[in-house]
Amino acid sequence: MDLNLSDEQRLLRESADRFVAESYDADHRRKMANDPLGYSPAVWKQFAELGWLALPIPEEFGGLGAGAVEISILMEAFGRGLVSEPYVATVVLGAALIERCGSAAQKQGILPKVADGSLKLAFAHSERAARFDLAKVATTANKTEQGWRLAGNKITVLDGHAADEIIVSAHLHDHRGPSGRIGLFLVPATASGLIISDYPRLGGGRACNIELSDVHLPEDALLGNGSDALPAIEWAVDRAMAALGAEAVGIMQTLLDITLEYTKIRKQFGRPLSANQVIRHRLADMAMQVDEARSMALRAALKADSPPVERARAASGAKAKIGKCARFVGEQSIQLHGGMGVTEELEVGAYFKRLVAFDTLFGGSAHHYARHAQLGRTA
């Protein structure tokens, strides 16, 4: 297997690294952390101009038709800068579900707007009682003469406060009662009966909880033909975990670089910290963990379009392993910076917080080790 990047992929990595290095400094991140929106609309517009929003969208809908590997290259650069724009919510999750489940008219009406930056999406699926079980959906969608009536609650909706349209999962009910199928609905952010409560996420960005109180939607709000959307949801979440894994690798690499530089200039008893053999061993352990995490993230991206069990095992394996690697690298970086590592003066703490948030999003390491084992028995 040739794991070398193509010329186009190298160009993408170089342009993303250059953009993040020039645009995302500590002052910008602090400004975004205190902004009620949580991200910069001007930067989002630049994403569209650079073609990043169109990256995975098919060419017939104004996209570039790239795959999961290209998304991972971009997300690793985003990790280096702690980018807070709603890229995962809109492009990796939202646009992917529209492409997978939507009708031809829905794709034509939505995907070009995502590509040009004029429409932002969010995906509302997680529920408090589900405990990361994607098949467990208590939100209901009852068929009415005019269309559908939705009722339920969703939690941890990434960047839902900034979305123009929210893709909501619900258990379909028709005149015969529960159908046993999960449907996906396009709900305008301004819909009557939709209550959004947003809050800052650990490590930057925002999320929200959503209450659907008797939300009435037209019949064409249902994505596709009403077949069970669970396989598409699992596919999209696995791709999102691969992308977030790549972002975590970028964060870990930055922590390693910062810590290595700090130990070279920080002196103790007249010698740099890096002259101490124990410190060198800890830095070597950090470097090994970063490389292991990078390999797992790449494997998850390469398996993104494989058969369901193979894809899911790669995604869960990456999420579990990268979560453990991330915590190790973050803790070592904090400790090697001493007391300064937990202060707001250094950025080490901000990077560590984002890694902690990554470990809990879509299920922690323990959950995904168990899922990986269960999928292995299934295979």
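Quick caveat, the model's predicted, so the values are computed rather than measured.
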Practice problem: State which residue, out of Leu11, Leu12, Leu5, fulfils the side-chain contact (heavy atoms from CB on, under 4.5 Å) condition with Gln9. | Solution: Leu5
Could you tell me whether [X] and [Y] make a salt bridge, using a distance below 4.0 angstrom between a side-chain N and a carboxylate O?
{"X": "Lys107", "Y": "Glu60", "result": "no"}
{"X": "Asp159", "Y": "Lys120", "result": "no"}
{"X": "Asp305", "Y": "Arg239", "result": "yes"}
{"X": "Asp27", "Y": "Arg30", "result": "yes"}
{"X": "Asp257", "Y": "Arg80", "result": "yes"}
{"X": "Lys143", "Y": "Asp174", "result": "no"}

Check: [Y] and [X] side chains under 4.5 Å, non-hydrogen atoms:
{"X": "Phe328", "Y": "Gln332", "result": "yes"}
{"X": "Glu70", "Y": "Pro56", "result": "no"}
{"X": "Ser23", "Y": "His28", "result": "no"}
{"X": "Leu361", "Y": "Leu158", "result": "yes"}
{"X": "Thr90", "Y": "Leu53", "result": "no"}
{"X": "Leu82", "Y": "Tyr24", "result": "no"}
{"X": "Asp220", "Y": "Leu186", "result": "no"}
{"X": "Leu55", "Y": "Val91", "result": "no"}

Exercise. In sequence, state the C-alpha distance, the side-chain angles, and the governing distance for Asp164 and Leu121, and then conclude on side chain to side chain contact (heavy atoms under 4.5 Å, CB included).
Key: CA-CA 6 Å; Asp164 303 298; Leu121 299 170; over 6 Å; no
Specify the closest pair of heavy atoms between [X] and [Y], including all atoms of both residues, with the distance to one decimal.
{"X": "Cys208", "Y": "Gly160", "result": "SG-CA, 3.6 Å"}
{"X": "Ala304", "Y": "Ala68", "result": "CB-CB, 3.6 Å"}
{"X": "Leu255", "Y": "Ser333", "result": "CD2-OG, 3.6 Å"}
{"X": "Trp44", "Y": "Pro86", "result": "CH2-O, 3.6 Å"}
{"X": "Ala135", "Y": "Ile182", "result": "O-CD1, 4.0 Å"}
{"X": "Ala242", "Y": "Ala301", "result": "CB-N, 4.1 Å"}

Quiz item: ring pair (Phe, Tyr, Trp, His ring centres under 6.0 Å) with His125: which residues, sequence neighbours excluded?
Solution: Phe123
Quiz prompt | For Phe132, ring pair (Phe, Tyr, Trp, His ring centres under 6.0 Å) partners two or more places apart | solution = His367
Practice problem: Would you mind listing every ring-ring contact (aromatic ring centres under 6.0 Å, His included) that reaches into residues 60-80, with sequence neighbours excluded? | Solution: Phe47-Phe78, Trp52-Phe78, Phe78-Tyr87
Quiz item: More than 12 heavy atoms of other residues, nucleotides or ligands under 6.0 Å from CD of Glu49: is that the case?
Solution: yes
Self-check item: Whichever hydrophobic residues join Ile195 through chains of side-chain contacts under 4.5 Å
Solution: none
Quiz item: Cluster partners of Leu172, using ILVMFWY side-chain heavy atoms under 4.5 angstrom, listed by chain and number?
Solution: Trp148, Leu150, Val157, Ile166, Val168, Phe185, Val187, Leu194, Ile196, Ile210, Leu212, Val215, Leu217, Leu222
Exercise. In sequence, state the C-alpha distance, the side-chain angles, and the governing distance for Arg13 and Asp17, and then conclude on side chain to side chain contact (heavy atoms under 4.5 Å, CB included).
Key: CA-CA 6 Å; Arg13 183 174 65 182; Asp17 285 341; 3.6 Å; yes
Self-check item: Verdict with supporting geometry, Asn209 and Thr156, side-chain hydrogen bond (donor to acceptor under 3.5 Å, both in side chains)
Solution: CA-CA 6 Å; Asn209 296 338; Thr156 323; 4.9 Å; no
Donor-acceptor pair, [X] side chain versus [Y] backbone, under 3.5 Å?
{"X": "Lys319", "Y": "Gly363", "answer": "yes"}
{"X": "Ser179", "Y": "His173", "answer": "no"}
{"X": "Gln106", "Y": "Gly224", "answer": "yes"}
{"X": "His171", "Y": "Gly180", "answer": "yes"}

Self-check item: Modelled atom types, side-chain donor and acceptor of Ser365 and Asp359, under 3.5 Å
Solution: yes
Exercise. Please name the residue in the list Lys321, Arg371, Arg311, Gln374 that meets the side chain to side chain donor-acceptor pair (under 3.5 Å) test with Ser316.
Key: Arg371
Self-check item: Check against side chain to side chain contact (heavy atoms under 4.5 Å, CB included), Lys303 and Arg313
Solution: CA-CA 9 Å; Lys303 297 284 188 181; Arg313 288 196 81 206; over 6 Å; no
Practice problem: State plainly whether one hydrophobic cluster holds both Trp235 and Leu111, where clusters connect Ile, Leu, Val, Met, Phe, Trp and Tyr through side-chain heavy atoms under 4.5 angstrom apart. | Solution: no
Quiz item: Between Glu292 and Ser295, is a side-chain hydrogen bond (donor to acceptor under 3.5 Å, both in side chains) present by the stated rule, with each step listed?
Solution: CA-CA 5 Å; Glu292 286 183 19; Ser295 297; over 6 Å; no
Quiz item: According to the salt bridge (charged side-chain N to carboxylate O under 4.0 Å, His left out) rule, which pairs have a member within residues 122-136, sequence neighbours left out?
Solution: Glu127-Lys154
Practice problem: Test Val329 against Phe352 for side chain to side chain contact (heavy atoms under 4.5 Å, CB included), laying out the working first. | Solution: CA-CA 9 Å; Val329 171; Phe352 179 63; over 6 Å; no
Exercise. Evaluate the salt bridge (charged side-chain N to carboxylate O under 4.0 Å, His left out) criterion for residues Glu347 and Arg29: first the C-alpha distance (whole Å), next the side-chain angles of each, then the deciding distance (0.1 Å), finally the verdict.
Key: CA-CA 10 Å; Glu347 292 211 276; Arg29 282 190 282 272; 2.6 Å; yes
